[in-house]
Number of protein chains: 2
Amino acid sequence: MNKKTEDILELIKSGEHIFLPNVSVDSVIFGYDNQELQVLLLEASNGNWMLPGGYVRKEEDLDAAALRNVVERIGVKDIFLKQFHTFGQRKRSFHKEIEQLFEDLGASIAQDLWIQKRFISVAYYTLVNKTITQPNPNFFAKSCRWHNARQLPKLLLDHENIVTTALDSFRADLASYPLAYHLLPQKFTMPELHAVFQSIYQKRLDRSRFQKKMFEYDVFERLESRVGVAHRRPYLYRHKQTI
Amino acid sequence: MNKKTEDILELIKSGEHIFLPNVSVDSVIFGYDNQELQVLLLEASNGNWMLPGGYVRKEEDLDAAALRNVVERIGVKDIFLKQFHTFGQRKRSFHKEIEQLFEDLGASIAQDLWIQKRFISVAYYTLVNKTITQPNPNFFAKSCRWHNARQLPKLLLDHENIVTTALDSFRADLASYPLAYHLLPQKFTMPELHAVFQSIYQKRLDRSRFQKKMFEYDVFERLESRVGVAHRRPYLYRHKQTI
DNA sequence: TTTACTTTGTGTCAAATTGTCACAATGATA
DNA sequence: TATCATTGTGACAATTTGACACAAAGTAAA
């Protein structure tokens, strides 16, 4: 039995005393790259994909648990995080998957592990600047990768539905505040933000009107122009700090 | 020890095996009466008020649990129900309140009852036609009453925050669909719906524009005029059935 | 049976917002 | 120096929203 296997078994064993039972948090981590909106997914040992998630410590705020799990997954603390829905179908569990995992590890399974029970999952979506993330898989995953948010692989449980719902919530929230800037580096140009919006809404937006609308929010401050680029130099902007 | 006390103790004792631990559902039940938006509240034995709520059976969908609890409280099944947020602060429990309850009942308390633990509460708001409801208090409440949604009494825990958040969500949802008709009888007039909207938004809305907007949704069908009223007779409407 | 008054339904026009397009400024490249 | 793609922004049309007006329909009082 190797180190990783021992760690997994230890977590499963001690988890019962550390975490709240029957409650989990799942996160839809949105990133932007290559002109497309992406989602970070983990690959389970059986080849299926799933959302990053985790459990809530008994003495930990729900929001803190969600944040901790995302930070563990991408190594970045400066992220936008928002709860959007809680999923609680009655048969929502990883019963079979855990059973399979134990079989693969060559370990015998005690009956009805806490981790095999039904889980009510509170779902969050987060917006991160993908360029500074360092994704790494968790205990149960063998790899992790960014996927086009509209071309998802086969996902476990109701995770595809969670992604779809997250995207709907994100788009709705975007109508009242230009949150999408969180997907870009701290300094960005309007054409860049424009491209992000277009890939989120999946449709062409007029440049002129787009900039006017962004300025109306009065939350971005104009900095110097970007240097070293072809053609007319675009202004850089950053989100105003709420001091 | 009287019947009610026995029932309470029985529920608390058996609850551990029936319900999921650490998870509850709370409902903000909106009604409309006397030109104002109202919320149904329960009065705890200590005189404080709280939201109707309950627990989730181990084999029950989360949404079903919320619906069941609302039905139990108002005796009406035909209601609009929508999940809007999950509250999970780490110290969120009725520890003291249950302790007090036991003291009042003259019963000794076993240490750390499941019901005294921290609860993560999934909150729903519902819209009901108040005229056909028959509110009745639950085990832990001595009475229940409708309150003006903007003049709430002292509420337990974070329940005031839950009501405020519910109202914000309701108003946001109302921008994309005229849900408010659920607060009225099946047949209603445009002036009535107009008054409901005004009390939700707390501001004057132009009658002419309001009606045009409602018609644009194309979800209400015009019926006969209302008879037996003074002045010009308004048309009755009802929401189209989705067959 | 008029006349006055309230309520309802809807039309008209102005104001504000949004959509489309145009064009000049800017800087690399031929 | 000319050409070309990109960026910033102005002008005007189209659409949506707000404000107001007025007639229709009915009760109640003179």
Side-chain angles (χ1 to χ4, degrees), chain A residues 32 34-35 171-178 180-181 184-240, chain B residues 32 34-35 171-178 180-181 184-240:
Chain A
Y32 174 79
N34 191 29
Q35 301 279 97
R171 289 163 74 143
D173 294 342
L174 205 49
S176 58
Y177 201 85
Y181 76 89
L184 293 172
Q186 196 156 42
K187 294 184 182 182
F188 55 87
T189 69
M190 280 299 147
E192 285 169 347
L193 191 60
H194 180 235
V196 172
F197 268 76
Q198 290 193 139
S199 68
I200 293 167
Y201 284 125
Q202 296 264 269
K203 71 169 183 181
R204 191 193 148 277
L205 301 172
D206 182 76
R207 272 188 321 118
S208 175
R209 175 123 301 280
F210 177 79
Q211 296 211 19
K212 284 169 192 153
K213 199 159 185 181
M214 290 304 114
F215 297 158
E216 273 170 17
Y217 284 115
D218 197 28
V219 296
F220 299 122
E221 55 187 345
R222 177 180 284 189
L223 308 171
E224 71 283 1
S225 292
R226 168 169 287 165
V227 294
V229 293
H231 316 300
R232 180 167 180 174
R233 293 173 171 169
Y235 291 109
L236 288 166
Y237 294 83
R238 75 168 162 219
H239 190 254
K240 288 181 184 171
Chain B
Y32 176 80
N34 192 30
Q35 301 281 95
R171 288 164 72 144
D173 294 342
L174 207 48
S176 58
Y177 201 87
Y181 76 88
L184 293 172
Q186 197 157 41
K187 294 183 182 184
F188 54 88
T189 69
M190 280 298 147
E192 285 169 347
L193 191 60
H194 180 235
V196 172
F197 268 75
Q198 289 193 141
S199 68
I200 294 167
Y201 284 125
Q202 295 266 270
K203 71 170 183 181
R204 192 195 148 274
L205 301 171
D206 182 77
R207 270 190 320 117
S208 174
R209 175 125 302 280
F210 177 80
Q211 295 212 21
K212 285 167 193 154
K213 200 159 186 181
M214 290 304 113
F215 296 159
E216 274 170 17
Y217 285 113
D218 195 30
V219 296
F220 299 122
E221 55 187 343
R222 178 180 282 188
L223 309 170
E224 71 283 2
S225 292
R226 169 169 286 165
V227 294
V229 293
H231 316 302
R232 180 168 178 175
R233 293 171 173 172
Y235 291 109
L236 288 166
Y237 294 83
R238 77 169 161 220
H239 190 255
K240 287 180 184 171

Seminar exercise, completed: Minimal heavy-atom distance between B:His194 and B:Leu205, with the atoms involved, is NE2-O, 2.7 Å
For this session: Could you check B:Pro191 against A:Arg233 and say which one's nearest nucleotide on DNA chain C is further toward the 5' end?
Result: B:Pro191
Exercise. Is atom CD of A:Glu221 surrounded by more than 12 heavy atoms (other residues, nucleotides or ligands) closer than 6.0 Å?
Worked result: yes
Exercise. Quick one: does B:Arg232 reach the base of C:dT7 with a side-chain donor-acceptor pair under 3.5 Å?
Worked result: no
Exercise. Taking 5' to 3' order, which nucleotide of DNA chain D is first and which is last to have an atom within less than 4.0 Å of a heavy atom in chain B?
Worked result: D:dT17 to D:dT27
For this session: Tell me, with the steps shown, if A:Glu192 and A:Tyr237 meet side-chain contact (heavy atoms from CB on, under 4.5 Å).
Result: CA-CA 10 Å; A:Glu192 285 169 347; A:Tyr237 294 83; over 6 Å; no
Exercise. What does A:Arg222 touch in the nucleic acid at a heavy-atom separation under 4.0 angstrom: a base, only the sugar-phosphate, or nothing?
Worked result: sugar-phosphate
For this session: Between B:Met190 and A:Gly228, just flag the one whose closest nucleotide in DNA chain C comes earlier from the 5' side.
Result: B:Met190
For this session: Enter the distance from A:Arg171:CZ to A:Gln202:CD here, rounded to the nearest 0.5 Å.
Result: 7.0 Å
Exercise. What is the distance, rounded to the nearest whole Å, between atom CG of B:Leu193 and atom C1' of C:dG9?
Worked result: 15 Å
For this session: Please report the closest heavy-atom contact between B:Val229 and B:Pro234, naming both atoms and the distance.
Result: CG2-CD, 4.1 Å
Exercise. Hey, what's the ring geometry for A:Phe197 with A:Phe210, parallel, tilted or perpendicular (30° and 60° as the breaks)?
Worked result: perpendicular
Problem set entry | Derivation of the side-chain contact (heavy atoms from CB on, under 4.5 Å) call for A:Asp218 and A:Lys240 | CA-CA 9 Å; A:Asp218 197 28; A:Lys240 288 181 184 171; 3.2 Å; yes
For this session: Spell out protein contact along nucleotides 11-21 of chain C as letters: B when the base is contacted, S when just the sugar-phosphate is, - when no protein heavy atom is under 4.0 Å; keep the 5' to 3' order.
Result: BB-----BBBB
Exercise. Is the backbone N or O of B:Pro191 less than 3.5 Å from a side-chain atom of B:Arg207, with the two atoms forming a donor-acceptor pair by type?
Worked result: no
